[in-house]
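Remarks on the structure that follows.
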Amino acid sequence: MKMIMAIIKPFKLDEVREALSGIGVTGITVTEVKGFGRQKGHTELYRGAEYVVDFLPKVKIEAAVPDTLVERTIEAIENSARTGKIGDGKIFVSSIEQVVRIRTGETGGDAL
């Protein structure tokens with residue numbers, strides 16, 4: 001089992017969700033986050049004053065998937081979140097040691 005975490009642009013969330021549903025990912029967690037990478041933020045004009053926006057709004061998607069779905073999940077996120085411009089985001093993959101479904105007590109792959 002793997003935990004897939006993706007940081008993407010907020011307006012791409014619906015496309016990514018649909019792509020993940022299409023390949024059989026049954027559940028995701030979505031969090032609104034702020035951050036920056038190579039973009040280093042940008043400047044905006046507000047009431048005649050220029051100011052720097054250091055942290056840009058992003059969306060973090062987390063999905064626990066079985067090993068058989070990892071590559072397809074990565075491809076689905078990558079293809080649906082890509083705009084070709086700076087700030088498209090990143091995908092992180094990490095191992096999950098154990099999963100427990102609280103309601104039933106199921107563990108491992110059955111809990112996903």
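Values below: all heavy atoms of this structure, side chains included; hydrogens, waters and symmetry mates excluded.
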Practice problem: May I ask you to decide whether E75 forms a salt bridge with R72, counting only side-chain N to carboxylate O separations under 4.0 Å? | Solution: no
Practice problem: May I ask you to check whether S95 and K2 show a side-chain donor-acceptor distance below 3.5 Å? | Solution: yes
Quiz item: If you round to the nearest 0.5 Å, how far is CD of E18 from OG of S80?
Solution: 9.0 Å
Exercise. Could you tell me the separation between the CG atom of D88 and the CZ atom of R82, rounded to the nearest 0.5 Å?
Key: 7.5 Å
Quiz item: Closest heavy-atom contact between I7 and K58?
Solution: CG2-CB, 3.8 Å
Quiz prompt | Side-chain heavy-atom pair K9, K85 within 4.5 angstrom cut-off | solution = yes
Quiz item: L112: what forms a side-chain contact (heavy atoms from CB on, under 4.5 Å) with it, not counting sequence neighbours?
Solution: M1, A64, P66, V99
Quiz item: Within the distance-only criterion (no hydrogens, no angle test), does the side chain of T104 pair as donor or acceptor with the backbone N or O of E106 below 3.5 angstrom?
Solution: yes
Quiz item: When rounded to the nearest 0.5 angstrom, what distance separates CZ in F92 from CE in M5?
Solution: 5.0 Å
Exercise. Could you list who else is in I77's hydrophobic cluster, with ILVMFWY side chains joined at under 4.5 Å, directly or through other members?
Key: I4, I8, L13, V16, L20, I23, V25, I28, V30, V59, I61, V65, L69, V70, I74, I91, V93
